[in-house]
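The structure displayed is predicted, hence computed values, not measured ones. Residue numbering restarts at 1 for every chain, and letters A, B, ... go by the order of the sequence lines. The analysis underlying the following values was restricted to heavy atoms, covering all of them including side chains, and did not include hydrogens, waters or symmetry mates.
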Amino acid sequence: MQRALNVTRERFADWYQAVVRDADMAETSPVRGAMVIKPWGYGVWELLQQELDRRIKATGHENCYFPLFIPLSFIAKEAEHVEGFAKEMAVVTHHRLKNIDGKLVPDPAAKLEEPLVVRPTSETIIGDAFARWVKSHRDLPLLINQWVNVVRWEMRPRLFLRTTEFLWQEGHTAHATIEEAVEETRKMLEVYRSFAEDVLALPVIAGEKPENERFPGAVNTYSIEAMMQDGKALQAGTSHFLGTHFAEAQNIRFQNDSSEMEFCNTTSWGVSTRLIGGVIMTHGDDDGLRLPPAIAPRQIVVVPMLRDKPEDEEVLAYAKSLVEALSSLAAFGYPVRALLDTKKIKSAEKRWNWVRRGAPIIIEIGPRDAAADNITYMRRDDLRDGDKVKSVAISRREFIEEKAVQMLHEIQHGLFCEAKARLDANIKRDVTDWAGVESYFAGSEDEFKGWLRVSWGKPFGAALDAVETRLKALKLTIRNAPLDQPETLAPCIFSGAPGAEEILIGRSY
RNA sequence: CGGAGCGUAGCGCAGCCUGGUAGCGCAUCUGGUUUGGGACCAGAGGGUCGCGUGUUCGAAUCACGCCGCUCCGACCA
């Protein structure tokens, strides 16, 4: 059977790389671990960014920009924070190069008095500003967000999922009370959940991270977890309640309405270009990427079937008017993004390029379509009937007036439902003891396993370390404790003690 | 940084064991034939075989060193 890719999802890691490449999303760069995001991939990011930014602003946050460089001493202020990031920090030590013996090297005379780190995250540099901005309870809450690049020197990079430099959004807020800060943390988690599900068609489970998986310096960390087509979990977004840890380290204080000085409670939350990796691994198939229409840079692509003959002109004119009509429609609150592909390559080649890129609807227009006032379309979410590509002819008028927008919404919803069904079907709840966990995850790692939802006693300290070690031996981690917890709990799967909450266990990226 | 594998034309690969100066498929270019849709015929262009050193009359092939990539570990949005 001829597919648009030369590798299938059976070899998931190879398949992922093939999709990223063949869908023109991104490529590796001369800098190890740093990627070039190509127009089609960046277009997805821009749409994702546009819609999430709207939602972040709708919840009262404002955008800012803070420096790329952070004085090393700032990072050192919060003990757990340094420890968490020390091993992956890029450090700037000089500000000039010098030609020594024909070689350009950092000029020893231009050594910085204090090294600067390239931000791995901005709690400390933003906290420094917060300390100056917050004086009174009347300055609170302080609700700030920024869209920037950050650098974390990762050992093993993977395009979109884990790159040395990545793009993200980081929100930072300061509040007068614990309750308010916790509410903010949960509110933004919910913004992420609904955004992932409604816009990216990525079903997720929102929950709280166990102690050992917390953000360095956080009191509580919450995450949304998505299941990829190989059954592994992808942490798709995090929201942290930082308590007064950073406020104490950086002296972020305010005078309350009784004139007493108090430390602020702060939060931070972020999602990154990793989400794009999640979209690829959730929706892609053996013909390439399938993009949810809400984030497809081109939702409907019209490919004219040209033959270097006189009737080409009619076909082009017809296709052009079709694209104009489609562009005047609206879907998901924005104008429909339609494209007439006039690139000078073979039409068949164009079709397969758009299939691989995951354009939701691909329309082919030939002379007979033009003459009969018809269009012929393919839906990327329902491409094939067996081995054959499904190609449907319909009147142009019906398509524009009734079907086009409806179909985009159907595709968006369909992709979500397909992924949601997979997520739900692959969370096993009937494992009740450790032996059951071991036997379930025994065997080949390549085998699709999904997650277990089990009860545990929520241990801490040495007992938690022991749990972590047992899980690690099976390459498992605790993903999170879902927000929706049952009334009664089974005994702890690790110790048999009374259960404290249910958690998700699985392999992860 | 540890273990495994790989680096040959834009992409995918063969050749390496048993050294003799590079080949296949797809893509590209030209001409022609086709045309409801991943076409066919003929011809052409494109590679200092990852880099360096050594062995040799001669190295893609053998040896040593380095670099890079992929997978597995430690790290992680």
**Student:** Taking NZ from Lys346(A) and C1' from C29(B), how many angstroms apart are they, rounded to a whole number?
**Tutor:**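 Those two atoms, NZ and C1', are 12 Å apart.
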**Student:** Taking only the side-chain heavy atoms of Arg152(A) (C-beta and beyond), determine which of G38(B), G37(B), C76(B) contains the nearest atom.
**Tutor:**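 The listed nucleotide nearest to Arg152(A)'s side chain is C76(B).
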**Student:** Rounding to the closest angstrom, what is the interatomic distance between A14(B) and U30(B) at atom C1'?
**Tutor:**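 Here A14(B) and U30(B) have their C1' atoms 29 Å from each other.
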**Student:** Output the single nucleotide from A39(B), A74(B), C71(B) whose closest atom is nearest the side chain of Met155(A).
**Tutor:**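 Of the options given, the side chain of Met155(A) lies nearest A74(B).
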**Student:** Considering only NZ, NE, NH1 and NH2 on the basic side and carboxylate oxygens on the acidic side, decide whether Arg298(A) and Asp341(A) come within less than 4.0 Å.
**Tutor:**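 Salt bridge absent between Arg298(A) and Asp341(A).
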**Student:** Can you tell me how far C1' in A9(B) sits from the matching atom in C29(B), rounded to whole Å?
**Tutor:**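 Each nucleotide's C1' atom is 15 Å from the other's.
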**Student:** Other residues, nucleotides and ligands only: do more than 12 of their heavy atoms fall within 6.0 Å of NZ on Lys38(A)?
**Tutor:**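 Yes.
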**Student:** Between C64(B) and C6(B), how far is it from one P atom to the other, in whole Å?
**Tutor:**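 The same atom, P, in both gives a distance of 15 Å.
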**Student:** Return the nucleotide paired to A39(B): Watson-Crick means purine N1 to pyrimidine N3 with N6-O4 or O6-N4, wobble means G-U with N1-O2 and O6-N3, both under 3.5 Å.
**Tutor:**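 The answer is U33(B), by the H-bond criterion.
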**Student:** With sugar-phosphate meaning primed atoms plus P, OP1 and OP2, does Glu364(A) contact a base, only sugar-phosphate, or nothing at under 4.0 Å between heavy atoms?
**Tutor:**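 If one applies the 4.0 Å heavy-atom cut-off, Glu364(A) turns out to touch a base.
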**Student:** Counting side-chain heavy atoms from CB outward, which of C75(B), G38(B), G37(B) is closest to Trp352(A)?
**Tutor:**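 When the side chain of Trp352(A) is considered, G38(B) is the closest of C75(B), G38(B), G37(B).
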**Student:** Taking atom C1' in both G5(B) and G50(B), what distance in whole Å separates the two?
**Tutor:**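 Approximately 16 Å lies between the C1' atom of G5(B) and that of G50(B).
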**Student:** Assess whether a salt bridge exists between Glu190(A) and Lys187(A), defined as any Lys/Arg side-chain N lying under 4.0 Å from an Asp/Glu carboxylate O.
**Tutor:**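 No, this pair does not count.
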**Student:** Quick one: label Gly366(A) by what it contacts on the DNA or RNA (base, sugar-phosphate, nothing), any heavy atom closer than 4.0 Å.
**Tutor:**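 Base: the residue Gly366(A), judged by heavy atoms under 4.0 Å, touches a nucleobase.
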**Student:** Which whole-number value in Å describes the distance from Phe12(A) CZ to C72(B) P?
**Tutor:**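 For the pair Phe12(A) CZ and C72(B) P, the rounded distance is 12 Å.
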**Student:** With respect to the side chain of Gln17(A), which nucleotide from U70(B), G37(B), A77(B) is positioned closest?
**Tutor:**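 Closest nucleotide among those given: U70(B).
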**Student:** Could you tell me how far apart Lys209(A) (NZ) and C76(B) (P) are, to the nearest whole angstrom?
**Tutor:**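 Distance check: Lys209(A) NZ to C76(B) P gives 11 Å.
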**Student:** So which nucleotide does G5(B) pair with, by the Watson-Crick or G-U wobble rule with both distances under 3.5 Å?
**Tutor:**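 Result: C69(B).
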**Student:** Exactly one of Leu159(A), Val20(A), Val36(A), Ile37(A) should register a side-chain contact (heavy atoms from CB on, under 4.5 Å) with Glu27(A). Which one does?
**Tutor:**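 Considering Leu159(A), Val20(A), Val36(A), Ile37(A), a side-chain contact (heavy atoms from CB on, under 4.5 Å) with Glu27(A) is found only for Val36(A).
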**Student:** Applying the Watson-Crick and G-U wobble criteria at under 3.5 Å, what pairs with G46(B)? Answer none if nothing qualifies.
**Tutor:**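 Base partner found: none.
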**Student:** Can you check the Leu161(A) CG to C75(B) C1' distance for me, whole Å?
**Tutor:**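 After rounding, the reported distance stands at 15 Å.
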**Student:** How are the rings of Tyr192(A) and Trp269(A) set to each other: parallel, tilted or perpendicular (split at 30° and 60°)?
**Tutor:**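 Ring orientation of Tyr192(A) relative to Trp269(A): perpendicular.
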**Student:** Which part of the nucleic acid, if any, lies within reach of Gln235(A) when heavy atoms closer than 4.0 Å are counted: base, sugar-phosphate only, or nothing?
**Tutor:**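 Here Gln235(A) touches the backbone only, sparing every base.
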**Student:** Please classify the nucleic acid contact of Trp168(A) as base, sugar-phosphate, or nothing, using heavy-atom distances under 4.0 Å.
**Tutor:**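 Counting heavy atoms under 4.0 Å across all strands, no contact is made by Trp168(A).
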**Student:** Check the geometry between Phe166(A) and A77(B) and answer yes if their rings are stacked (centres below 5.5 Å, planes below 30°), otherwise no.
**Tutor:**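 Base of A77(B): stacked against Phe166(A).
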**Student:** Compare the minimum distances between each of A77(B), G37(B), C71(B) and the side chain of Thr238(A), then state the nucleotide with the smallest one.
**Tutor:**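 The answer is A77(B), which lies nearest to the side chain.
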**Student:** What is the distance from CZ of Arg21(A) to C1' of A27(B), rounded to the nearest Å?
**Tutor:**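 Going from CZ in Arg21(A) over to C1' in A27(B) covers 13 Å.
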**Student:** By nearest atom, which of the nucleotides G38(B), A74(B), G37(B) is closest to the Lys472(A) side chain?
**Tutor:**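 For the Lys472(A) side chain, the nearest candidate turns out to be A74(B).
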**Student:** Taking 4.0 Å as the cut-off, does a side-chain nitrogen or oxygen of Arg156(A) come that near to OP1 or OP2 on G73(B)?
**Tutor:**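 Yes, within the criterion.
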**Student:** Do Leu161(A) and Tyr16(A) have side chains that approach each other closer than 4.5 Å (heavy atoms only, starting at C-beta)?
**Tutor:**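 Contact flag for Leu161(A)/Tyr16(A) side chains = yes.
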**Student:** So which one's nearest nucleotide on RNA chain B is more toward 5', Met305(A) or Thr273(A)?
**Tutor:**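 Closer to the 5' end of RNA chain B: Met305(A).
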**Student:** In whole angstrom, give the distance that lies between atom NZ of Lys87(A) and atom C1' of A77(B).
**Tutor:**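 Going from Lys87(A) (NZ) to A77(B) (C1'), I get 17 Å.
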**Student:** Partner lookup for A60(B), please. Criteria are Watson-Crick or G-U wobble with both distances under 3.5 angstrom; report none if nothing qualifies.
**Tutor:**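 Across all strands, not a single nucleotide pairs with A60(B).
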**Student:** Taking only Lys NZ, Arg NE, NH1 and NH2, and the carboxylate oxygens of Asp or Glu, determine whether Arg186(A) and Glu208(A) approach each other closer than 4.0 Å.
**Tutor:**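 No, Arg186(A) and Glu208(A) are not salt-bridged.
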**Student:** Could you tell me how far C26(B) sits from G38(B) if I compare only their C1' atoms? Round to whole Å.
**Tutor:**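 Per the computed distance, 12 Å lies between those C1' atoms.
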**Student:** Roughly how far apart, to the nearest Å, are G3(B) and A44(B) at atom C1'?
**Tutor:**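 Taking atom C1' in both G3(B) and A44(B), they lie 47 Å apart.
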**Student:** Please determine, for A27(B), whether a Watson-Crick or G-U wobble partner exists with both distances under 3.5 Å, and give it or none.
**Tutor:**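 The answer is none; no pair meets the criterion.
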**Student:** Say we look at C16(B) and C1(B): how far apart would their P atoms be, to the nearest angstrom?
**Tutor:**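 Per the computed distance, 33 Å lies between those P atoms.
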**Student:** Mind checking who G19(B) pairs with, Watson-Crick or G-U wobble, both distances under 3.5 Å?
**Tutor:**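 Base partner found: none.
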**Student:** Any base atoms under 4.0 Å from Ala393(A), or only sugar-phosphate, or nothing? Heavy atoms, all strands.
**Tutor:**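 The residue Ala393(A) makes no contact with any strand.
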**Student:** Using whole Å, report how far CE of Met89(A) lies from P of A77(B).
**Tutor:**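 Rounding to the nearest Å, CE of Met89(A) and P of A77(B) are 14 Å apart.
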**Student:** Could you check whether Arg11(A) gets within reach of a base, just the sugar-phosphate, or nothing at all, counting any heavy atom under 4.0 Å?
**Tutor:**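 No contact at all - Arg11(A) keeps every heavy atom at 4.0 Å or more from the nucleic acid.
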**Student:** Pick from Tyr65(A), Trp168(A), Trp45(A): which one makes a ring-ring contact (aromatic ring centres under 6.0 Å, His included) with Trp147(A)?
**Tutor:**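 Answer after filtering Tyr65(A), Trp168(A), Trp45(A): Trp45(A).
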**Student:** Just call it for Thr163(A): base, sugar-phosphate, or nothing, with non-hydrogen atoms closer than 4.0 Å on any strand.
**Tutor:**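 Base contact.
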**Student:** For Glu349(A), which contact category applies under a 4.0 Å heavy-atom criterion: base, sugar-phosphate, or nothing?
**Tutor:**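 Touches nothing.
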**Student:** Identify the nucleotide, in any strand shown, that forms a Watson-Crick or G-U wobble pair with A14(B), with both distances under 3.5 Å; if there is none, say none.
**Tutor:**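 No nucleotide pairs with A14(B).
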**Student:** Using a 4.0 Å heavy-atom cut-off across all strands, classify Asp14(A) as base, sugar-phosphate, or nothing.
**Tutor:**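 Since no nucleic acid heavy atom lies under 4.0 Å of Asp14(A), the category is nothing.
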**Student:** Find which nucleotide of RNA chain B each of Ala4(A) and Ala13(A) is nearest to by heavy atoms, and output the residue with the more 5' nucleotide.
**Tutor:**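 Nearest nucleotide further toward 5': that of Ala4(A).
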**Student:** With heavy atoms under 4.0 Å as the rule, sort Lys350(A) into base, sugar-phosphate or nothing.
**Tutor:**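 Here Lys350(A) touches no strand at all.
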**Student:** At less than 4.0 Å, is any side-chain N or O atom of Lys475(A) found next to OP1 or OP2 of G73(B)? Yes or no.
**Tutor:**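 Checking G73(B) against Lys475(A), a side-chain N or O does come within under 4.0 Å of OP1 or OP2.
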**Student:** When you measure from the side-chain N and O atoms of Gln169(A) to the phosphate of A77(B), is any distance below 4.0 Å, counting only OP1 and OP2?
**Tutor:**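 The answer is no; no side-chain N or O of Gln169(A) sits under 4.0 Å from OP1 or OP2.
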**Student:** Could you point out which residue of Asp24(A), Asp22(A), Ile345(A), Val303(A) forms a side-chain contact (heavy atoms from CB on, under 4.5 Å) with Asn353(A)?
**Tutor:**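 With Asn353(A) as partner, side-chain contact (heavy atoms from CB on, under 4.5 Å) holds for just one option, Ile345(A).
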**Student:** Between G73(B) and G10(B), how far is it from one P atom to the other, in whole Å?
**Tutor:**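 So the two P atoms sit 33 Å from each other.
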**Student:** Expressed in angstrom and rounded to an integer, what is the separation of Leu159(A) atom CG from C71(B) atom C1'?
**Tutor:**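 From Leu159(A) CG to C71(B) C1': 15 Å.
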**Student:** Tell me which nucleotide among C76(B), G38(B), C75(B) gets nearest to the side chain of Arg384(A).
**Tutor:**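 Among the listed nucleotides, the one closest to the side chain of Arg384(A) is G38(B).
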